[in-house]
Each structure stands twice: as structure tokens, then as C-alpha cells.
Amino acid sequence: MKRSLCLLVVGKAREPALACDEAETGGTAPSPGPYLATHRVIRVVRGRTIVTVLDVRTMLQGFDTGLPRIILQLELSKEGMSVRVEDRGIVAVPPDAAPDEGCTKDTSVFARRLCAGRGTFRWRGGRFVRSR
């Protein structure tokens, strides 16, 4: 499992946090087929315990399915009190697939799972919670 790490500061208490990417594989044929999903996870340490304060999918890619790889970008506010997950149209389309526009059009059920994670998460109760 490949992980990328990033140090940040989050929440009212300005807690030191670690953000990392974690990969998950799954799926069976025919639908959605084998896939790789990447989660961006932010964790803090509280009282010698590691606590997850955000876990959101940021990339979804099908294998031998003809589905595109769609990437969402995560942006933490300067004060560390909110996170925005956005679709910036980053799509890699395999040669055997039809062109795709990421979350901007009605895509497959496979892609809608990832696109449902878009939005703003605000710091509430010691973790990031989706804003309504």
C-alpha cells in the first residue's frame, strides 16, 4: 500500500495532524468491476490514542472496465477549521473508454460513489463533519 504523508494543523485547539492517502481495492465483475479507491485520511493524537478526524475518498479508478480515473482535490482552510473536497475536472480516460467529464455529468454508479463525497466539511465536536 502506497501512502503519502503531510503534516498540518487542525481544529480550534490547533492540533498537529497527519494527512495520508490510503488505498483500497475491491469490486467484482461485471459491475462495477475491480477498482482502486484512494482515501485521504487526517488523524490527530489525543491522550496517546490516534483519532481519525476525516476520511474521504479522493480517487477512484476501474481496472479493465473502461471506466475513467476521477480525482477529487482536498483543500484545508488556512485556519484548519474546514476542508473542501472539489472536482476540478481531473480525469484520466483509458484508451478503450468514451471521454468523460468527471463529476460534471451523469456518470456510472461507480463514479457517482466518489462524486458524492464532494462538499465542505467543518470542524465540529473534535472532527470534520459534512456541512448541510
Side-chain angles (χ1 to χ4, degrees):
M1 177 187 325
K2 182 180 176 187
R3 292 186 181 191
S4 64
L5 303 173
C6 180
L7 296 173
L8 10 128
V9 178
V10 298
K12 289 181 183 177
R14 308 287 294 152
E15 295 175 277
L18 183 66
C20 63
D21 289 337
E22 296 185 352
E24 159 201 344
T25 58
T28 55
S31 179
Y35 67 88
L36 169 70
T38 302
H39 293 252
R40 174 62 53 101
V41 182
I42 300 177
R43 295 184 174 103
V44 298
V45 176
R46 295 184 183 142
R48 296 185 180 182
T49 303
I50 297 171
V51 178
T52 299
V53 296
L54 180 72
D55 183 349
V56 65
R57 274 189 180 169
T58 54
M59 193 271 295
L60 199 55
Q61 173 179 351
F63 294 116
D64 299 326
T65 60
L67 295 170
R69 179 176 64 168
I70 301 173
I71 302 169
L72 299 182
Q73 291 193 330
L74 191 132
E75 184 177 314
L76 177 69
S77 66
K78 290 179 185 176
E79 71 280 355
M81 296 294 290
S82 66
V83 172
R84 192 150 169 71
V85 180
E86 297 181 332
D87 173 22
R88 295 200 176 139
I90 302 171
V91 179
V93 181
D96 60 338
D100 201 301
E101 298 171 18
C103 294
T104 59
K105 74 174 201 172
D106 186 45
T107 56
S108 68
V109 172
F110 180 77
R112 284 195 299 264
R113 286 186 208 166
L114 174 72
C115 297
R118 294 174 297 168
T120 301
F121 296 77
R122 301 208 186 279
W123 190 261
R124 194 172 302 130
R127 64 187 181 99
F128 289 104
V129 178
R130 181 184 293 279
S131 296
R132 301 244 176 226

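Because the structure is predicted, anything quoted here is derived from the model rather than measured.
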Approximate separation, where rounding is to 0.5 Å, of Cys20 SG and Arg40 CZ
8.0 Å
Say whether, by atom type as modelled, one donor and one acceptor occur between the side chain of Arg43 and the main chain of Leu54 under 3.5 angstrom.
no
Begin with the C-alpha distance, continue with both residues' side-chain angles, and end with the deciding distance and a verdict on side-chain contact (heavy atoms from CB on, under 4.5 Å) for Asp55 and Phe128.
CA-CA 9 Å; Asp55 183 349; Phe128 289 104; over 6 Å; no
Donor-acceptor pair, distance only, cut-off 3.5 Å: does the side chain of Arg84 make one with the backbone of Gln73?
no
Ignoring hydrogens, what is the shortest heavy-atom contact between Arg130 and Gly119? Give both atom names and the distance.
NH1-CA, 4.2 Å
What's the separation between atom CD1 in Ile71 and atom OG1 in Thr58, rounded to the nearest 0.5 Å?
8.5 Å
Lys78 side chain reached by Val9 side chain, heavy atoms, under 4.5 Å
no
Short N-O contact, Glu15 and Arg127, less than 4.0 angstrom:
no
If you measure from the Lys or Arg side-chain nitrogens to the Asp or Glu carboxylate oxygens, is any gap between Arg14 and Glu79 under 4.0 Å?
no
Please report the closest heavy-atom contact between Leu60 and Ala37, naming both atoms and the distance.
CD1-CB, 3.6 Å
Counting only heavy atoms not in Arg122 (residues, nucleotides, ligands), do more than 12 fall under 6.0 Å from its CZ?
no
Give the C-alpha distance, both sets of side-chain angles, the deciding distance and a yes or no for side-chain contact (heavy atoms from CB on, under 4.5 Å) between Ile42 and Leu18.
CA-CA 6 Å; Ile42 300 177; Leu18 183 66; over 6 Å; no
Would Val85 end up clustered with Met81 when hydrophobic side chains under 4.5 Å apart are linked, directly or stepwise?
yes
Under 4.5 Å between side-chain heavy atoms, counting indirect links through other Ile/Leu/Val/Met/Phe/Trp/Tyr residues: same cluster for Val129 and Leu8 or not?
no
Heavy-atom side-chain proximity of Val56 to Leu74 below 4.5 angstrom
yes
Can you confirm whether Arg118 sits close enough to Glu86 that some side-chain heavy atom of one is under 4.5 Å from a side-chain heavy atom of the other?
no
With no hydrogens and no angle check, is any side-chain donor or acceptor of Ser77 less than 3.5 Å from a backbone partner on Ser82?
yes
Do Val10 and Trp123 have side chains that approach each other closer than 4.5 Å (heavy atoms only, starting at C-beta)?
yes
So do the side chains of Thr120 and Val83 get within less than 4.5 Å of each other, counting heavy atoms only?
no
